[in-house]
Protein chains: 2
Amino acid sequence: MLDERKKKVLAAIIQDYIAHAEPVGSRTIVKRYNLDVSPATIRNEMADLEEMGLIEQPYTSAGRIPSEQGYRYYVDCLMQRKNLSEDEVKFINTCFARKMQELKDVIQKASNVLSELTSYTAVVVEPKMEKSTFKFLKLLPLATNQALLVVVTNTRVIQHRTLNIPEDITHQDLEKVSQVLNSTLQGLTLEEVSRMSLNEIYDEVILQRYMWDKIVELVKDSLFSEEYEERIYIDGTINMLDQPEFKDIDKVKSILKALQEGKILKQVLLERPRPGLSVSIGQENRYEGINECSLITATYEVNGNVVGTLGIIGPIRMDYSRGVSAVDYVTKMLSGFIKKYIEE
Amino acid sequence: MLDERKKKVLAAIIQDYIAHAEPVGSRTIVKRYNLDVSPATIRNEMADLEEMGLIEQPYTSAGRIPSEQGYRYYVDCLMQRKNLSEDEVKFINTCFARKMQELKDVIQKASNVLSELTSYTAVVVEPKMEKSTFKFLKLLPLATNQALLVVVTNTRVIQHRTLNIPEDITHQDLEKVSQVLNSTLQGLTLEEVSRMSLNEIYDEVILQRYMWDKIVELVKDSLFSEEYEERIYIDGTINMLDQPEFKDIDKVKSILKALQEGKILKQVLLERPRPGLSVSIGQENRYEGINECSLITATYEVNGNVVGTLGIIGPIRMDYSRGVSAVDYVTKMLSGFIKKYIEE
DNA sequence: GTTAGCACTCAACCTTAAAGAGTGCTAACA
DNA sequence: TGTTAGCACTCTTTAAGGTTGAGTGCTAAC
């Protein structure tokens with residue numbers, strides 16, 4: 001629907017604005033992007049693009065800046081991925097080369113790498129817990145009426161201190177409960193565990209009914225409490241302050257607030273439906289604070305199942321091309337790496 | 001060394017500047033702090049105070065602002081504590097009234113309350129680990145060559161995944177090692193444990209020598225790795241952005257950077273020697289970023305032993321009087337509360 | 001369809017002027 | 001000797017006016 005030259009002009013405006021954060025004039029386009037026409041011609045094209053809503057003028061006689069629609073068109077139709085440079089690839093590889101003990105270290109590293117690489121803010125949501133499979137749990141006695149519940153899934157260790165255990169439960173009782181639960185739950189996903197009525201696997205040999213119910217309830221509560229929720233890792237928050245569009249302290253504040261509020265951010269990331277890479281621009285993000293930003297996110301997978309989301313947050317004028325490449329690469333890296341840390 | 005009136009004038013200047021963040025003139029002082037002399041007299045006093053280095057003029061014909069020395073004098077000699085209002089006390093109490101499972105929840109709450117109350121940034125360093133006493137550990141088999149080490153001290157749970165366990169160690173072996181270590185280390189402080197040579201408690205009945213050495217080494221490494229370090233809790237970081245002196249994005253950036261860098265902050269807090277409450281002003285803090293701020297910190301105690309530090313960070317023009325009261329109150333609150341969570 | 005030319009617009013920048021806050025100093029006063 | 005009124009002076013802040021320059025839109029010619 002746009003002819004070749006209009007596309008070229010639009011791409012030039014967007015690229016230039018991304019690079020310099022200043023309105024782009026007709027002369028600049030001709031010079032910098034060597035189109036073989038005069039500025040006047042470009043001006044005509046720009047008038048058309050503006051009518052279509054793809055670019056806009058901050059004031060009557062300034063150059064043009066891309067509108068959110070313009071960015072959208074650019075991302076969908078014009079942009080070509082910029083491959084990562086050799087150095088960048090090398091950088092990523094060395095970062096991941098260090099030996100990491102646990103899944104969470106890998107995830108943390110991913111967000112770290114992503115923010116370093118792009119100079120934007122990086123976010124990684126850890127793998128969905130409900131898809132995790134139960135490996136085992138252990139109830140360790142702490143005091144007469146306290147026990148420490150340790151749960152190990154294939155993705156991570158959840159640990160929770162439980163109070164109010166009836167005083168007359170012995171160490172042996174706890175041990176037995178652990179054993180029964182382990183043999184029953186072994187290999188189930190947490191989703192399945194949550195749907196299960198643990199009370200039913202009561203075995204009168206072990207304990208009195210009321211004790212069993214009590215403990216099982218506590219275990220279940222702990223399993224699906226906050227500790228159970230997917231954690232979110234954020235890196236490079238202060239990179240936001242480098243963006244000229246956020247030199248205004250009030251804007252920065254509302255953004256930082258949104259970033260700090262892990263819950264909102266998590267919701268934003270988890271709401272995105274499509275598997276694979278996705279870009280959302282400005283107002284497309286409905287939450288306060290984040291609607292002045294753009295997000296590039298991708299889902300990472302294990303064995304074909306989407307398990308988590310990661311991405312970068314930057315100004316609407318962000319370098320989508322580079323960003324997409326970076327997110328894409330790190331996602332693949334993470335997907336590949338993560339297998340080692342998730343035992344079946 | 002300062003006569004009464006000079007003290008009054010200095011106090012007036014500081015209080016007014018704290019409240020309004022603008023240079024204070026002689027007329028303002030007379031009017032707002034009803035001294036029964038004329039502005040001219042005040043001007044003479046101010047000239048003296050300036051000569052002494054307690055106040056300064058941003059430019060020739062502006063009012064005066066306190067110098068860092070001035071604040072110091074104020075904090076040491078002039079300031080009187082402003083008692084917390086009933087509402088504030090009630091607020092703190094309700095915050096702490098909620099049932100909290102673990103020590104770390106109490107600590108987190110303390111930093112939360114402190115930042116809410118003062119509108120500054122709050123920091124709490126968790127109790128010193130080396131003073132913690134060892135309760136028990138458990139080695140749980142994860143895979144043929146992996147075990148999960150869970151350590152419980154009187155202050156918290158440390159959990160660490162250990163790799164590279166020799167493959168020929170059985171579950172029973174792990175259980176036995178746990179038992180031996182538990183009975184040996186029971187009740188020792190971590191400091192004592194760290195000085196101890198665990199290899200010596202080798203018991204040939206249990207395991208082959210090389211296996212024992214290997215495991216014991218891993219346990220010790222885990223015990224004194226990063227997981228072992230005192231964690232630091234920060235709250236209200238973005239409150240910094242509300243301060244007019246930090247409306248400049250570059251200043252904010254260096255401060256946020258310092259705050260983000262937990263290690264630096266921890267060092268700053270742990271360096272403060274004196275037990276009890278202490279205030280450090282501007283340049284007295286040597287670290288980049290923090291030297292444009294003031295700190296009010298206090299140590300909290302358990303049974304007369306200093307175990308941790310907490311405090312608030314704000315602009316040099318911070319409300320020391322209110323801040324000191326708030327820190328003091330919350331410290332006492334925390335000291336009192338914490339006993340419940342530290343079992344002997 | 002393209003381009004040169006030109007009048008026009010508007011932010012950005014500088015200069016200048018006026019206003020206002022506050023000082024330091026002097027001389028008078030108690 | 002300490003206090004005060006008065007006044008000239010300084011320096012920021014704010015507003016107003018003028019200039020510059022980038023960039024546009026339109027028209028007419030190619």
Side-chain angles (χ1 to χ4, degrees), chain A residues 1-10 12-17 19-67 70 244-245 247-248, chain B residues 1-10 12-17 19-67 70 244-245 247-248:
Chain A
M1 59 191 191
L2 288 187
D3 64 48
E4 265 329 293
R5 196 169 60 193
K6 280 200 174 51
K7 285 183 185 172
K8 266 191 187 164
V9 172
L10 179 57
I13 291 174
I14 293 182
Q15 280 161 26
D16 202 80
Y17 188 66
H20 302 100
E22 259 156 37
V24 191
S26 51
R27 262 182 69 86
T28 314
I29 294 179
V30 175
K31 270 195 299 184
R32 270 211 268 258
Y33 299 85
N34 47 322
L35 303 207
D36 261 349
V37 287
S38 78
T41 311
I42 300 295
R43 282 204 288 280
N44 290 331
E45 298 288 33
M46 293 203 294
D48 292 348
L49 288 171
E50 182 161 10
E51 212 171 340
M52 289 183 242
L54 296 171
I55 57 179
E56 44 199 31
Q57 250 179 326
Y59 51 88
T60 321
S61 68
R64 303 304 209 291
I65 62 175
S67 68
E245 35 268 273
K247 69 180 192 309
D248 175 34
Chain B
M1 60 186 189
L2 287 188
D3 64 48
E4 266 327 294
R5 196 171 60 195
K6 281 200 174 52
K7 283 184 186 171
K8 266 192 188 164
V9 172
L10 179 57
I13 291 174
I14 293 183
Q15 280 159 28
D16 203 79
Y17 188 66
H20 302 100
E22 258 155 37
V24 191
S26 52
R27 262 182 70 85
T28 314
I29 294 179
V30 175
K31 271 195 299 183
R32 271 212 265 259
Y33 300 85
N34 47 323
L35 303 206
D36 261 348
V37 288
S38 78
T41 311
I42 301 296
R43 282 205 287 282
N44 289 332
E45 299 289 33
M46 293 205 294
D48 291 348
L49 288 171
E50 181 161 10
E51 210 170 342
M52 288 183 243
L54 296 171
I55 57 178
E56 45 199 31
Q57 253 178 324
Y59 51 89
T60 321
S61 68
R64 302 304 211 290
I65 62 176
S67 69
E245 35 268 273
K247 67 180 193 308
D248 175 34

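Only heavy atoms go into these numbers, but all of them, side chains included; no hydrogens, no water, no symmetry mates. A note on names: the letters A, B, ... follow the listed sequences, proteins ahead of strands, and every chain is numbered from 1.
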* Asked: Are any non-hydrogen side-chain atoms of V37(A) and E45(A) less than 4.5 angstrom apart?
  -> no

* Asked: Under the 3.5 Å rule, do the base of dT3(D) and the side chain of T41(B) count as making a donor-acceptor pair?
  -> no

* How long is the line joining CD of E4(A) and C1' of dG1(C), in whole Å? -> 17 Å

* Structure fact -> Applying the 3.5 Å cut-off to both distances, the Watson-Crick or G-U partner of dT10(D) turns out to be dA21(C)

* For P23(A) and for T60(B), locate the closest nucleotide of DNA chain D by heavy-atom distance; then report the residue assigned to the nucleotide nearer the 5' terminus. => T60(B)

* Structure fact -> Assign each of D36(A) and S26(B) the nucleotide of DNA chain C bearing its closest heavy atom; nearer the 5' end lies the nucleotide of D36(A)

* Asked: The side chain of R5(A) lies closest to which of these nucleotides: dG25(D), dC10(C), dT2(C)?
  -> dT2(C)

* Whole Å only: how far is the CG atom of L49(A) from the P atom of dT24(D)? -> 12 Å

* Would you mind telling me which of dG25(D), dC11(D), dT4(D) lies closest to the side-chain atoms of N44(B)? => dT4(D)

* **Per V37(B) side chain, nearest of listed nucleotides dG25(D), dT4(D), dG24(C)** => dT4(D)

* To do: Record whether the side chain of S61(A) comes under 3.5 Å of the base of dT24(D) through a donor-acceptor pair of N or O atoms.
  => no

* Asked: In the strands shown, is dA4(C) matched to any nucleotide by a Watson-Crick or G-U wobble pair with both distances under 3.5 Å, and which?
  -> dT27(D)

* Asked: Out of dC10(C), dC11(D), dA4(C), which nucleotide sits closest to the side chain of A40(A)?
  -> dA4(C)

* To do: Mind listing the closest non-hydrogen atom pair of S67(B) and E56(B) along with its distance?
  => CB-OE1, 3.6 Å

* Give a yes or no on whether a donor-acceptor pair under 3.5 Å exists between the nucleobase atoms of dG6(D), that is its base, and the side chain of R43(B). => yes

* To do: Determine the minimum heavy-atom distance between L54(A) and L2(A), stating which atoms define it.
  => CD1-CD1, 4.0 Å

* Asked: Is it the case that more than 12 heavy atoms not belonging to K8(A) sit under 6.0 Å from its NZ atom?
  -> no

